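Report on the following structure.
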Protein chains: 2
Amino acid sequence: MTSDLTAATGPFADDLRSKLPAATFRDMEARYLEEPRGRWAGTDGLLLAPATTEEVSLIVTAAAKARVAVIPYGGGTGLVGGQVSADLPAPVILSLERMTKVHKVDATENALTVEAGVILQHVQEAAEAVDRLFPLTIAAQGSARIGGILSTNAGGVNVLRYGNARDLCLGLEAVMPDGSILNGLSPLRKNNTGYDLRHLLIGAEGTLGIITAATLKLLPRPAKTGAAMMAIRDPQAALELLNMARAQIGEGVSAFELIGKTGMDFLAETMPEVRLPLGNPDWSVLIDLGLGASGDPAQALEDLFATAHEAGLVTDGVIAQSEQQRREFWQVRESIPEGNRRIGSVSSHDISVPTASIPDFIKDGPGVIGRIGDFRINCFGHVGDGNLHYNVFPMPGRARADHDSEREAIKTAVHDLVHAYGGSVSAEHGVGRLKVGDLERYVDPTKLAAMRAIKAGLDPAGIMNPGAVLRCAV
Amino acid sequence: MTSDLTAATGPFADDLRSKLPAATFRDMEARYLEEPRGRWAGTDGLLLAPATTEEVSLIVTAAAKARVAVIPYGGGTGLVGGQVSADLPAPVILSLERMTKVHKVDATENALTVEAGVILQHVQEAAEAVDRLFPLTIAAQGSARIGGILSTNAGGVNVLRYGNARDLCLGLEAVMPDGSILNGLSPLRKNNTGYDLRHLLIGAEGTLGIITAATLKLLPRPAKTGAAMMAIRDPQAALELLNMARAQIGEGVSAFELIGKTGMDFLAETMPEVRLPLGNPDWSVLIDLGLGASGDPAQALEDLFATAHEAGLVTDGVIAQSEQQRREFWQVRESIPEGNRRIGSVSSHDISVPTASIPDFIKDGPGVIGRIGDFRINCFGHVGDGNLHYNVFPMPGRARADHDSEREAIKTAVHDLVHAYGGSVSAEHGVGRLKVGDLERYVDPTKLAAMRAIKAGLDPAGIMNPGAVLRCAV
């Protein structure tokens, strides 16, 4: 807790009431003070929903003067408590929910500009309406807003081909911690005029300013899509198969997802309605292709299967013969998180390791967890990015509550193993308030010192999302 | 000039001599004090060529204590004077030329790690040796070093497909302005643990630290390549053709270069040995494809030509029937800068505009320049990135020296026009010392203020490449 922050009450709030339209002021609701997993709860705050960037600027300028904390709030879907104030004098909760304009969709430029409150799915739809693709795809796309997506540098299943959120952002508008407006909306692909503030604000989780609008990259919509599920020899074969696929098919490989037997077992147990096209092999992959009009995805996948089978990488496979069947394959992959929820994990981990280390990491995991107790492990995820969801479950007949006392030890064991492999303890969810300690434990001290210097330089009053990413100075 | 910097002489130099191997100290040569176009010349300095990151750290630590300026020096190919000290007490010229180790080339990981002094061409060769591609391609690749390439965020002809230097960098090691070592070498594709210092150092032109090593992204080598030259209706047709090509062929379009009649005229005049496959149309494009093993580039280009001809976008075309012919097409494109040199430009500009604005920008250019005098304009470049090389030449019979007094006015007219279209006055070369004034004129003031705050936070003594990018505080 920062000792010299003040609460968003009294004259501060009265002054804003005199300057901003009444619609800016909303009644506080529980959802603004909670996060999806119920780990954090804010206590109170002044909920403001400005309609324009100028109003955001006015609020932040006032907050900087009064040393009032400002917590930016997007769709509220973040999983690390970045959007929830804790241990602060009542902050401003600044919701972008009224800034939902789509300014410009330009198919020739392959770019669109949207306000930060636009929901991801609406961006996808706006792109589709001009026959373009905005490829970012995450589970929360129906409620996550672009400002939060960029602030946390969201990932998802198509990172292999299209990159993370930062790779899909061409320009930003933001309100800086002193209330000034950074005018960086631009579709330029090449612009070497000074430090790249866009990439600094992306992933800063609202601690260096509030993203108010963004120019995003559009891509050609693949004219032909295809998918296959293949049972593979082992995780090492997944890596070799991916490199083989990219050599044969180039960038047309849109997703390449690893699925383990445990995940399929959970589906069979909890969601028997989900058809498992390959039965339940030890390891399998879902490969998704998107090709241009001259491509032939089914043929490309058949050729890949033939070469990979010859090389001993795959033991079985099925290639989608229709869009309906492709969706069926994806349903398997997308049902795994729900299967996990129904079983009830003791601990879940959003981690990444160098892709070449995935097989060894998967081999070592049961050993380090086995030293704590008997558990089931469901490891699945985005092989091409080294991003695994690594979830630990009770043995059959036990409940997650039986293992409350072991949760912290499991987390540390997994994170230590990830760190030993040069991996990251937050691959896509960010740091928020949940992983501030992990950052201090695992991140290079020079990086932490530079982050603190940047934070102090840009936000000397320490008002922007205090306590997220970096611990508050006491 | 910063008033409180001191010269790299006397006790400061003596102290370093006692701590560093003799091989670190090199005799000053003219080339370290000049830049390729002869616009800037440093006066003097202490030339140091450390062999390790620890030695770089030792030098910078000493410089920070003594307030001695440090100018990082890579291949010396920069075109904006970022590598040349001017108006400073004798600085340390810190050359990375002895740090040329290729640490790790990993085809499974699709990554390699190199020291900052490695020459770009050697990176390309190291990638090729493991059947991978490092796609960055620039004219100076035989002498430019990776540290400088990343510090200036170099571009080149393949940005359309593969991005700028920053998009090809996965991790960085750097020595920060206080001498501490940032350990960020990592091949991770997904890592959301705090501010992205990599993207801050990339493009900072050595003003926030010295890049000492980098982990770079490798890509599949396209199994099949192809190229075509097509005469197009006008610049607008180039945009439509590019979008058509990407819809039909997907990401397989590696380069898409616009060439104007003036450039071809210059070639015919100064380099008649260069064969012009389409003769000399008003506007043409060079399209380069790289496809996976299952692709058929010649067929894809024929299909594209047919559709584009039908749509009235192209009037003539020739498709390479061999790798030899593809190289011939590229020779046309790559000879244009040499043709320009032989004619002798009055003024040349590395600019970008939103791609959709290219046709209007090209239409408006002659008007604003015509108000200054009679000139020939050679406009060519990377259409997909909006990055044009926009060069202004004397009329036949006149020499560039005849127009010395108009150069500044031309530069301002072009830059003002670029700015009016929301473009950038430095698309790929950076700011260096040449464009500090342009930055102040054209860049968003909030961005400039934030850059200064970051610089002050990370380099409070102001020793790192003072006067580059940001004007020294007096």
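We name chains A, B, ... by the order of the sequence lines, and we start the count at 1 in each one. Computed from a prediction, not measured in an experiment: that's the story for all the values here.
- Only the side chain of R132(A) comes within contact range of chain B, with heavy atoms under 4.5 Å apart.
- Contact tally against chain A (heavy-atom pairs below 4.5 Å) for I351(B), D106(B), V159(B): the top residue is V159(B).
- The two atoms that bring G194(B) and V431(A) nearest to each other are N-CG2, 3.7 Å, heavy atoms only.
- Top candidate by heavy-atom pairs under 4.5 Å with chain B, chosen from L239(A), D167(A), T207(A), I249(A), is T207(A).
- Y442(B) is linked by a ring-ring contact (aromatic ring centres under 6.0 Å, His included) to H419(B), counting only residues two or more places apart in sequence or in another chain.
- Heavy atoms of Y421(A) lying under 4.5 Å from chain B are absent altogether.
- Interface residue I181(B): only backbone heavy atoms are found under 4.5 Å from chain A.
- Of the residues considered (L208(B), L160(B), D178(B)), L208(B) shows the highest number of contacts with chain A, using heavy-atom pairs under 4.5 Å.
- The shortest non-hydrogen separation linking L188(B) to G423(A) is CD1-C, 3.6 Å.
- Heavy atoms only, all atoms of each residue included: S186(A) and G422(B) are closest at OG-O, 4.4 Å.
- The shortest heavy-atom contact between A453(A) and G457(B) is CB-O, 3.5 Å.
- Side-chain contact check for T152(B) versus N192(A): every heavy-atom pair is 4.5 Å or farther apart.
- With a 4.5 Å cut-off on non-hydrogen atoms, R166(A) touches chain B through its side chain but not through its backbone.
- Of the two parts of L185(A), neither the backbone nor the side chain holds a non-hydrogen atom closer than 4.5 Å to a non-hydrogen atom of chain B.
- For residues 240-250 of chain B, no pair satisfies salt bridge (Lys or Arg N to Asp or Glu O under 4.0 Å), with sequence neighbours left out.
- Proximity of S426(A) to N191(B): side-chain heavy atoms (C-beta onward) are nowhere separated by under 4.5 Å.
- Both the backbone and the side chain of M451(B) come within contact range of chain A, with heavy atoms under 4.5 Å apart.
- Note: E428(A) leads E428(A), R198(A), R221(A), H429(A) in heavy-atom pairs under 4.5 Å with chain B.
- Residue A107(A) touches chain B through its backbone alone, counting heavy-atom pairs closer than 4.5 Å.
- In plain terms, the two heavy atoms of K190(B) and S352(A) that are nearest each other are O-OG, 2.7 Å.
- Contact of the L200(B) side chain with the I454(A) side chain is registered, since non-hydrogen atoms from C-beta on lie closer than 4.5 Å.
- In this structure, A356(A) and T108(B) approach most closely via the heavy-atom pair CB-CG2, 4.1 Å.
- Both the backbone and the side chain of P354(A) come within less than 4.5 Å of a heavy atom in chain B.
- Looking only at side-chain heavy atoms (C-beta outward), D438(B) and T193(A) stay at 4.5 Å or farther from each other.
- Residue N183(A) touches chain B through both its backbone and its side chain, counting heavy-atom pairs closer than 4.5 Å.
- Counting heavy-atom pairs closer than 4.5 Å to chain B, the top residue among G430(A), G155(A), A427(A) is A427(A).
- Not counting sequence neighbours, the partners of H415(A) by the ring-ring contact (aromatic ring centres under 6.0 Å, His included) test are H349(A).
- The interface of residues 291-303 of chain B with chain A, defined by heavy-atom distances below 4.5 Å, comprises G292(B), A293(B), S294(B).
- Side-chain contact, N243(B) with N110(A): a donor N or O sits under 3.5 Å from an acceptor N or O.
- For the pair R161(B) and E251(A), the minimum side-chain heavy-atom distance is below 4.5 Å.
- Between H382(B) and R189(A) there is no side-chain heavy-atom pair separated by less than 4.5 Å.
- Among T355(B), V425(B), L448(B), the residue making the largest number of heavy-atom pairs under 4.5 Å with chain A is T355(B).
- Of the listed residues (P220(B), G250(B), G203(B), P222(B)), the one with the most heavy-atom contacts under 4.5 Å to chain A is P220(B).
- With contacts defined as side-chain heavy-atom distances shorter than 4.5 Å, the pair Y195(A)/K455(B) qualifies.
- I202(A) has its side chain out of reach of D196(B): every pair of non-hydrogen atoms, C-beta onward, lies at least 4.5 Å apart.
- Note: N164(B) leads L219(B), N164(B), V469(B) in heavy-atom pairs under 4.5 Å with chain A.
- In terms of heavy-atom pairs under 4.5 angstrom with chain B, the leader among D131(A), L470(A), L197(A) is L197(A).
- For chain B, no part of A456(A) is nearby; none of its heavy atoms comes within less than 4.5 Å.
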